[in-house]
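Throughout, residue positions are numbered sequentially from 1 according to the sequence presented. We count ligands from 1, going down the list as the structure has it; atoms in each ligand are counted the same way.
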Amino acid sequence: MDSLWILVMTTAVFLAAIILYRNNSRLRGLRSFHTSPVTLPLGSLGLPFIGETIEFITCAYSDRPETFMNKRRRMYGKVFKSHIFGSPTIVSTDAEVSKVILQSDAKVFVPSYPKSLTELMGKSSILLINGSLQKRIHGLVGAFFKSPLLKAQITRDMQKYVLESMANWSSDRPIYIQDETKNAKKKMVKLVKKIIQHRKNSEISKVPSDVIDVLLNDSSGQLTEDLIADNMIDMMIPGEDSVPVLLTLAVKYLSDCPAALQHLMEENMKLKRLKEQLGEPLCWSDYFSLPFTQTVITETLRMGNVIVGVMRKAMRDVEIKGHLIPKGWCAFAYFRSVHLDESNYDWPYEFNPWRWQGHFGNSQEKDTSNCNFTPFGGGQRLCPGLDLARLEASIFLHHFVTQFRWVAEEDTIVNFPTVRMKSRMPIWVKRTGDP
Ligand code: HEM
C-alpha cells in the first residue's frame with residue numbers, strides 16, 4: 001500500500017513538474033519579447049464543460065447583462081478568464097486591450113462566434129473569411145457603401161418606403177415600432193439585392209463606374225462570381241437586424257427623454273421648412289448635416305449596445321498589456337462594459353445626447369477614433385455599413401419626428417440573445433397638425 005502511495009505521489013510530482021516546465025518555457029518565450037511579466041488573467045473556468053455559461057446567460061437576460069462582467073471586473077480586474085459558450089475565454093472590458101484585439105490580423109485572431117450566436121447574427125460569409133481575401137472584400141464592400149451614388153439611391157428609396165409605411169399609420173391603433181422598422185429594412189435589403197442583380201446581368205463594362213463593377217471586374221482571380229454574389233448579399237445580414245434595433249431603441253430612449261425629443265424635433269423641423277422653401281428634396285448630406293440628430297444616434301449606440309462585443313479565437317499565444325491569451329482560447333472584447341463605465345461616461349445609464357456635442361467633427365470620426373466607443377467594432381473588421389446605418393437612422397428619425405407626436409406604452413428592453421423590445425414597442429401616434 002505504502003509503495004503504491006509513493007508511486008502515485010511520484011507520478012503526480014513528475015507530471016506537475018512537466019506542466020510547470022512547459023508553461024514556464026511558453027511564458028519565457030513570450031517574456032523574451034516583453035519586459036513585463038506575462039500571466040494568464042485571474043478568473044474562474046467554472047464547472048466542467050458548461051463553465052460559467054449559465055450565470056452569463058442568466059445575467060444576459062436581465063436588464064443589466066453587464067453584471068456578469070462587472071462582478072468579475074471587481075474581483076479580478078478589467079481582463080479576466082472565464083469559460084463561456086463551450087470555450088475557455090479571456091474577457092476584455094479594457095478598452096485598450098480590446099483595441100489591440102480588434103486591430104490584430106488573422107495570424108493572431110480570427111472571428112469565432114458560437115454556433116448559436118452565428119445563427120442569430122446571421123451567417124455572414126465575410127466573417128468566415130480571413131487573411132488577404134477578407135481585407136480585399138472588406139475594402140471593396142466599405143467603398144461600395146460609402147459610394148455617393150449608392151447613398152443617393154438609398155436615400156431616395158428609403159424616403160419613399162418610410163413615407164409609404166408612415167402614410168398607413170393611424171391614431172386609432174398602436175403602431176409597433178419594432179415591426180415597422182423591420183419592414184422598412186426588408187425593403188432595403190431587397191433594393192440592394194436588386195441593384196447587384198441588375199449589374200450582374202448587364203454586360204460588364206471595361207471601364208468600371210463604381211465599386212460593384214470593381215468587384216465584378218476583379219482580375220486577381222480570388223473573387224469568383226459566387227463569392228461576389230454570396231458576399232454582396234450576405235454582407236447585408238450583419239446589418240439586417242441591427243438598424244431596426246437601433247431605431248427602436250432610439251424611439252424608446254426619446255420617449256423617456258422629452259427634452260431630447262423636443263431638441264431633435266426642432267432641428268428636423270427647421271431643415272424640413274428650409275427644404276420646403278427651397279422646393280428641394282432632402283439629399284443624403286442633408287441628413288448628416290443635422291448635428292443633434294447625429295448625437296441622438298451616437299448616444300443610442302452607446303447605451304443600447306446593439307452588438308455587445310466581438311469574439312475571436314487566438315491562433316497562437318498572444319500577450320496584450322501583460323495578459324496572456326493562450327492559443328486556441330477565445331477572446332471576447334465586451335464593449336458594453338466600456339460604454340457603460342462611469343469612468344468613461346458621467347451618469348452612464350442616463351440618455352444624454354448632449355454629452356457628445358462638440359466632441360467630434362463628424363460622425364465617422366466619432367465611430368472610429370475613440371477606443372471607449374466602439375459600437376461598430378474596429379480595426380481589420382470595422383463595420384463597413386456604419387455610414388449606411390447612420391443614414392438610415394437619420395432618414396427614419398427625420399420623417400418620424402416631423403410628422404408625428406406619440407405616446408409610448410410601457411415596454412422593456414430584452415438584451416439576449418439579441419437586443420429587442422419585450423412587447424415590440426407599441427406607440428400611439430397623432431399627426432402633427434391634427435387636433
Ligand atoms: C446599428 C447598426 C450596426 C451595428 C451596431 C454594426 C456593428 C458591427 C460590428 C460590431 C461589426 C464587427 C464584427 C466583428 O469584428 O467580428 C460589424 C461587422 C460588419 N457589418 Fe455591421 N453593424 C451595423 C450595421 C451594418 C449595416 C447596415 C451593414 C451593411 C449594410 C453592416 C455590414 C457589416 C459587415 C459586412 C461586417 C463584417 C466586416 C468584416 O468582417 O470585414 N453592418 N458590424
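- Those atoms of ligand 1 with a heavy atom of Y113 less than 4.0 angstrom away are 13 (C), 14 (C), 16 (O).
- In this structure, W169 has its ring center under 6.0 Å from that of F400.
- Applying the 4.0 Å criterion to heavy atoms of R312 picks out, from ligand 1, the atoms 14 (C), 15 (O), 16 (O).
- Using a 4.0 Å cut-off to heavy atoms of L388, the atoms of ligand 1 that qualify are 30 (C).
- Residue contacts with ligand 1 do not include E392, since none of its heavy atoms lies under 4.0 Å from the ligand.
- Cation-pi check for R302 over Y345 is met; the charged atom lies under 6.0 angstrom from the ring centroid and within 45 degrees of its normal.
- Considering P111, S242, A393 only, the shortest heavy-atom separation from atom 1 (C) of ligand 1 involves S242.
- The shortest N or O to N or O distance between R381 and ligand 1 is below 3.5 Å.
- Contact annotation: P375 has at least one heavy atom less than 4.0 Å from an atom of ligand 1.
- Annotation: cation-pi geometry satisfied between R64 and Y349 (NZ/CZ under 6.0 angstrom from ring centroid, within 45° of ring axis).
- The heavy atom nearest to atom 36 (C) of ligand 1, considering only G385, C383, P384, is found in P384.
- Within ligand 1, counting atoms from 1 as listed, the ones closer than 4.0 Å to a heavy atom of I307 are 6 (C), 7 (C), 8 (C), 10 (C).
- The six-membered or imidazole ring of F56 lies near that of F85, with a centre-to-centre distance under 6.0 Å.
- Distances from atom 27 (C) of ligand 1 to the heavy atoms of L246, V110, V243, D387 show the closest one on V243.
- Side-chain contact check for R390 and T298: at least one donor-acceptor pair (N or O, by modelled atom type) lies under 3.5 Å.
- For F109, no heavy-atom contact with ligand 1 is shorter than 4.0 Å.
- Exactly one residue among L271, N268, L282 makes a side chain to side chain contact (heavy atoms under 4.5 Å, CB included) with Y287. That residue is L282.
- Taking the centre of each ring, F109 and W329 stay at or above the 6.0 Å mark.
- Annotation: cation-pi pair R73/Y76 absent, no NZ/CZ under 6.0 Å from the ring centroid and within 45° of its normal.
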